[in-house]
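First up is the structure itself, then whatever we jot down about it.
Chain letters run A, B, ... following the sequence lines, proteins first and then strands; every chain starts at 1.
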Number of protein chains: 2
Amino acid sequence: MKARTTTAREALDRRAEEMLHDLKCAGFKMTPQRMAIVRLFARDLGHPTAQDLFERLRPAFPSMSFATVYNTLDTLAQMGLSRTLRLGDAKGGARFDPNPDPHHHAVCDACGAILDLPAPSLLPAKGEALMVRERAPGFTVRAVEHVYRGVCASCHG
Amino acid sequence: MKARTTTAREALDRRAEEMLHDLKCAGFKMTPQRMAIVRLFARDLGHPTAQDLFERLRPAFPSMSFATVYNTLDTLAQMGLSRTLRLGDAKGGARFDPNPDPHHHAVCDACGAILDLPAPSLLPAKGEALMVRERAPGFTVRAVEHVYRGVCASCHG
DNA sequence: GTATCTGCAAACCATTTGCTTTCAC
DNA sequence: GTGAAAGCAAATGGTTTGCAGATAC
């Protein structure tokens, strides 16, 4: 259990460094703020909001601005290293997902938590593809996203 | 073709009057603004934003306020006569869907158009339910939303 | 040295709220 | 007449923008 936790943590650490490496290779500068944002974000599987990240970084960077957080998240999204999720209600703002692998989401209506669900791929299943072709002729599907809405365990299932 | 168009149009008209009837039965007042909003909304299968509706109603009701549009849409949603759509990273505010039947959506990445796709129900398929139970223990699924992202026919598929 | 980034503050947009007036019932 | 609804305007909260100064390269 100890070993397992350590391993998972290490995997996230590797992921963070990988993201930084990709940014660097793409010609982006390695500023302390950017490095801190990417490291914190890549290790957080809880789909943080910009607010979340900002507040957790403020102790280390009291002068940091929201724009810097948004800029970095935008850059990551444009490079395909993260996704922007707007799955909840209008309140609370967008959530950001550092997981680039194909997966779906379960959203808790009560607390707004987002859980990752595995998906073999983001291509539509056979039946889905046929249905789309029939009802939306000419529509080319690039990816499918499933959102499971309900109530999570901690909010009393 | 002429007949078909007329029929489809008539079905939407009926749907509008049905919505108004339901509102009336639930004790809501039939104000001119509310009637106009519901009629315009029920006939629009293009998933309009609040902005869209507001601007198209302004000529007839120059004094109408945004709050009235939002109030009416909220009321419809609470009565289960419409749905509020926040499909992923779409900028530009929520879209509203007057179609109360279970269905999913195809979103065009190029022009932002939203197409309805039929669904037998919004409950998860057998395999989906199992997958959620396994990966998110204790999560109770209330409804599933499938979003098919791609390019629509008019945007050159 | 220079192009890029950061910090800041103001702008922006969708949405909500409080309060007064109006109107459907 | 009465209570619900509309209008209005201002607040809200997340996100974006423009620019001046700082800094990674």
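The CZ atom of B:Phe54 sits 11 Å away from the C1' atom of D:dC8 (whole-angstrom rounding). The CG atom of B:Leu73 sits 15 Å away from the P atom of D:dA5 (whole-angstrom rounding). If you take CG of A:Leu53 and P of C:dT6, they are 14 Å apart, rounded to a whole angstrom. Distance, B:Phe61 CZ to D:dC8 C1': 17 Å, rounded to whole Å. Rounding to whole angstrom units, CG of residue B:Leu76 and P of D:dA5 are separated by 12 Å. Between the CZ atom of B:Arg58 and the C1' atom of D:dA6 there is a distance of 16 Å, given to the nearest Å.
Salt bridge status for B:Arg14 with B:Glu17: absent, with no side-chain N to carboxylate O gap under 4.0 Å. By the 4.0 Å N-to-carboxylate-O rule, A:Arg15 lies too far from A:Glu10 to be salt-bridged with it.
One finds the CG atom of A:Asp22 at 9.5 Å from the CG atom of A:Leu76 (value rounded to the nearest 0.5 Å). Atom CG of B:Asp52 sits about 7.5 Å away from atom CG of B:Asp44, to the nearest 0.5 Å. A distance of 10.5 Å separates OG1 of B:Thr84 from OH of B:Tyr70, quoted to the nearest 0.5 Å.
For the helix from C:dG1-D:dC25 to C:dA14-D:dT12, the axis fitted to the five pairs at one end and the axis fitted to the five pairs at the other end meet at an angle of 30° (nearest 10 degrees).
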task: Assign a letter to each nucleotide of nucleotides 11-25 of chain D from its 5' end: B, base within under 4.0 Å of a protein heavy atom; S, sugar-phosphate only; -, no contact.
output: ---SSBB------BS

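Taking the side chain as every heavy atom from C-beta outward, A:Arg142 and A:Thr140 never approach each other to under 4.5 Å. Residues A:Leu12 and A:Leu45 form a side-chain contact, since some pair of their non-hydrogen atoms from C-beta on lies under 4.5 Å apart.
Residues in residues 20-50 of chain B take part in these ring-ring contact (aromatic ring centres under 6.0 Å, His included) pairs, two or more places apart or across chains: B:His47-B:His105.
For B:Glu128 and B:His146, the side-chain atoms include at least one donor-acceptor pair closer than 3.5 Å.
A residue-by-residue look at B:Pro62 and B:Gly27 shows that B:Gly27 has its nearest nucleotide of DNA chain D further toward the 5' end.
The side chain of B:Ser65 places no N or O atom within less than 4.0 Å of a non-bridging phosphate oxygen (OP1 or OP2) of D:dA6.
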